[in-house]
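Worksheet for the structure shown next.
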Amino acid sequence: MTSTVDPIRLPQKAASNDTEIDRAALAILLVEIARNIDPDHHARFDGVPTADRRMETLRQLLVGREISELSRVTHLLGEPEQLAEAVGGVLPSAAARAPHAQLGEALAPAVERAVQRSIQKSPRTLTDILYPVFLPAIRKSIGEKIDQTFQSLNETLRHIFTWHGLKWRFESWRTGASFSEVVLKHSLVYRVEHVFLINRNSGLLIAHVTADNATSEDPQLISSMLSAIQDFVKDSFNEKEQSGLDTIRFGELRLWSEVGPFATLVAVIRGNPPEELHEIVRDVLLRIHDEYSQALEQFDGDGSQLAGIETQLQTCVELKQEDSNQGFPWLVVAAVLLVLIPAGGWFFLSWQSGQRWQAYVSRLGTQPGIIVAQQTVRDGHFYISGLRDPLGADPQSLLSGTQVDPARVHSRWQFYQSLEPEFVLKRLTASLAPPDTVRLSIVKDRIVAEGEAADTWIDRARAAARQLSAGGPEFDISKVRDVSPEARAAEHWQAYVSRLEAQPGIIVAEQKVRDGQFYISGLRDPLGADPQSLLSGTHVDPARVHSQWQFYQSLEPEFVLKRLTASLAPPDTVRLSIVKDRIVAEGEAADTWIDRARAAARQLSAGGPEFDISKVRDVSPEARAAEHWQAYVSRLEAQPGIIVAEQKVRDGQFYISGLRDPLGADPQSLLSGTHVDPARVHSQWQFYQSLEPEFVLKRLTASLAPPKSVLLSIVQGRIVAEGEAPANWINRARAAAEQLSADGVVLDVSQLRELNLAELNYLREAIQATDIFFYSAKAVPGPEQMPVLDRLADQIKEFAKNARKSGVTARFMLTGHADATGRETANVSISAARAEAVRALLNKRGVAPELLLVRGAGTFEPVVPENSRTGSSTNRRVSITVSLE
């Protein structure tokens, strides 16, 4: 529970407030009682009753309502049915205001569906399922809430009629807090001295934070002991996994434990903490899991991925509440308050007025064009002076909304011209009066002019730019173009000439401008664009253009294509196109058209683009069949393992003969898709063994059956064998190489190496002889073990590499061991943690994680007896076992 969750509210009226006390009656009564304090004065009166009725009246005024409320609460607590009804009334609102509503939203659909099905099937089953899940959480929540309620009630009842109780009631009225909150603030004194964050699975210490002036032993040892205690309780009493010790008390020390999904947070508290502290510690643990969930789940002893987690824990050790026994009698406090309240009111008003004035001065300081040189406050009046640009904001108008009395403000401002870009821009706009075609703007503290203007305005702008360069921002007018009629006409003419020069079929020989007239001459293909029509949209006056064009036939491919299309009139089955400056004809046509196309191609070859008609086919049936047959023969000749010896066509029949390797393609199957009639094909093939490398490689693979560690491949026409193999297989490969060399085929066996298992055995013995040692209660090896880990990682990587070359897979079992100190459950946990730590350290050194297996042996596999001289230190180790698969 957190401090934001209200305590259980009983069904009653709102608690009494000090503002409901009759202050006038209380003041008169206090004055009357004060007069009777003097014993001499009291002795002069006879018949004074022993029990002064005014004291009873004073008690009723001060605590009458509380006495009535406490009586009603006491009666309510004595009635179990009414108390149960009151507690039940606040449980729904408490559950609704609980933090982490996202969890409820995520669980709601699944829980609703499960409950619905379970109720439909068997209500008893639902009860049996939910009882062991929700009962501990509900019992813990209600227990903490009841503890908090009774703690608050006990402390309130204990101090309600004491002197401290009266002083604390005044503090409750002054601060607006409830009386019970003030009582708990002063009566519950505590201090959080240590906070431990421990991994739930391995028991390793993740982080530890200590308060100032707090002392303790080794944090790692304390963490191991706490984990061992938790394991002992679970093992001894057969508790479930999610349960654990919540509170341990030893004298003034309390150990509060909060369990999360991956880590446990343990707070060591000295004193009497409030129950609300449970929720604060729980919130810190939830924030840590939110920010470091993945790193906590994968924690293996290395905290590099948990940087900043100690800052979260630091908020816990800063929690404390110290007792303050100092105080003053309430009469003295009342007298002091009578003096301090007016003075405090005056001081507050003065301070508030000063704050408003400083806010106004700060507002002026941020205004462009205003420089505050001096400002003072004297005799309740405000004085300010400085510099002000006439274009800037009016300081007097800025007083609006500041709640500063303008009558108390005395200002003196001197006018000046600010060089800030926005003010310079305003002055330039007013002095230069730019035309509508020019836009002035600020770009990176520069004033930039863009657009078109007359030369007279541009000259004025250049003069202004030279004046500004002395100390103001730069005035850039390079983007303003001269829009005089002559310059605009020349610009449009050049654009028109460039447009003509880009047109195919037009060659501009000469162009000039004289006396406001435009002259142009050159060559023009009749199939090209009309130069006169291109004047449209150029803003050039056609009446001022004098052109002289000579017709010619352009040899550019698009014009030649147009003329060929017009002269040859190709049939629909032929398409003429331009491909890389060549004119290409594709399709099918009669031989007469092909002859005309060939004649046109010969004429063009004199200087025009090439006319390619090789892709136009003769469409006569005999030519088509011969073409298909030649395509089939070419396909056969390109096939490896097939040698065409003879092929001919006679009387509409096709004859072919040659040699064929059985491993090559079937010539009959290659007829598919060639449009050659198989009934007209007569073939005669003789089998032979091809010496082409791919066929020789297939036969060698079938006959030699190379092991997995040997690769046969073709390299530059040679067959190369690479890898490691037994000696007998290498001898067979050499014999096959000698046989093939007689036929001219090369089998290179020079890169074969004899498989050597002795090196693997040597490395295995070296790896298994290596142990990683640990200090007592430590799950991470010391720095002196780092060189051993470096050497071990290199040996493991070399062994795995050699094993793969030999066709086997290596596995390495990391077994953690512990000495006999402490309980066996804790020893098994720390031994497994040591093995996991070594696995993580080897992984960082490049060892693949899938090669490493871990287990914890505890104290069951000691290397030496524990009662020997070096038994404990030698048994705290991680050993390695190598296996081959």
Side-chain angles (χ1 to χ4, degrees), residues 432-441 443 448-466 474-567 577-583 603-611:
L432 293 177
D436 295 338
T437 56
V438 174
R439 183 173 64 90
L440 301 183
S441 60
V443 179
V448 178
E450 298 177 281
E452 300 176 344
D455 52 359
T456 56
W457 189 91
I458 294 176
D459 293 338
R460 291 171 53 212
R462 288 196 181 100
R466 287 192 294 271
E474 179 185 354
F475 183 25
D476 184 4
I477 60 172
S478 61
K479 296 182 180 180
V480 179
R481 295 185 302 166
D482 188 354
V483 292
S484 58
E486 294 76 11
R488 180 66 59 84
E491 181 179 343
H492 292 163
W493 170 252
Q494 291 302 324
Y496 170 64
V497 172
S498 299
R499 186 177 182 184
L500 284 178
E501 291 175 340
Q503 288 293 322
I506 294 179
I507 299 175
V508 177
E510 184 181 6
Q511 65 88 16
K512 60 184 176 179
V513 181
R514 187 173 68 243
D515 301 329
Q517 301 294 313
F518 306 106
Y519 298 90
I520 191 167
S521 61
L523 302 177
R524 171 195 165 199
D525 192 296
L527 297 177
D530 183 6
Q532 197 70 18
S533 65
L534 295 176
L535 278 171
S536 176
T538 60
H539 302 288
V540 176
D541 184 6
R544 300 168 61 187
V545 177
H546 307 277
S547 57
Q548 188 176 6
W549 300 102
Q550 298 293 329
F551 287 113
Y552 84 112
Q553 283 193 355
S554 175
L555 293 179
E556 294 186 24
E558 53 264 39
F559 294 101
V560 175
L561 176 61
K562 291 179 181 179
R563 293 188 178 91
L564 282 175
T565 303
S567 62
S577 60
I578 299 173
V579 179
K580 296 181 180 180
D581 294 332
R582 295 184 310 126
I583 300 174
Q603 293 176 0
L604 283 179
S605 63
E610 179 185 354
F611 183 24

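Everything quoted here is computed from the prediction, not taken from an experiment. Note: hydrogens, waters and symmetry copies are ignored here, and every other heavy atom, side chains too, is used.
- Looking at V540 and V545, their side chains come closer than 4.5 Å, going by heavy atoms from C-beta outward.
- Looking at S521 and W549, their side chains never come closer than 4.5 Å, going by heavy atoms from C-beta outward.
- Between P531 and I506, the shortest heavy-atom contact is CG-CD1, 4.1 Å.
- The distance from atom CD1 of I477 to atom CG of L440, rounded to the nearest 0.5 Å, is 10.5 Å.
- Side-chain contact between Q511 and Q494: present, with at least one pair of heavy atoms (C-beta onward) separated by less than 4.5 Å.
- Taking the ring centre of F611 as origin, the terminal cationic atom of R582 falls outside the region bounded by 6.0 Å and 45° from the ring axis.
- The closest donor-acceptor contact from the side chain of R460 to the backbone of L432 lies under 3.5 Å.
- More than 12 heavy atoms of other residues, nucleotides or ligands sit less than 6.0 Å from atom CG of D459.
- When every heavy atom of V438 is checked against every heavy atom of A449, the shortest pair comes out as CG1-CB, 4.4 Å.
- Between R524 and F551 the shortest side-chain heavy-atom distance falls below 4.5 Å.
- Taking CG of D436 as the reference point, atom CD of E452 lies at 12.5 Å (rounded to 0.5 Å).
- Here the shortest heavy-atom pairing between V560 and S554 reads CG2-O, 4.0 Å.
- The closest side-chain heavy-atom distance from I520 to H546 is not below 4.5 Å.
- Inter-residue side-chain proximity for V497 and E501 is flagged as met; some heavy-atom pair is nearer than 4.5 Å.
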Practice task
Output, in order, the C-alpha distance, side-chain angles, deciding distance and verdict of salt bridge (Lys or Arg N to Asp or Glu O under 4.0 Å) for K562 and D525.
Solution key: CA-CA 12 Å; K562 291 179 181 179; D525 192 296; over 6 Å; no

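- The two residues P526 and R563 come nearest to each other via the heavy atoms CD-NH2, 4.4 Å.
- Taking the six-membered ring where tryptophan is involved, the planes of H539 and H492 are tilted, since the angle between them lies from 30° to 60°.
- Distance check, rounded to the nearest 0.5 Å: NZ of K479 to CZ of R439 gives 9.0 Å.
- With values rounded to the nearest 0.5 angstrom, F559 atom CZ is found 11.0 Å from Q553 atom CD.
- Residues P557 and I583 share a closest heavy-atom pair of O-CD1, 3.9 Å.
- Taking the side chain as every heavy atom from C-beta outward, S533 and L535 never approach each other to under 4.5 Å.
- Between S536 and R499, the shortest heavy-atom contact is O-NH1, 3.5 Å.
- Residue I507 holds its CD1 atom at 12.5 Å from CG of L500, rounded to the nearest 0.5 Å.
- Once rounded to the nearest 0.5 Å, the distance linking CG of L534 with OH of Y496 reads 6.0 Å.
- Between R544 and W493 there is no side-chain heavy-atom pair separated by less than 4.5 Å.
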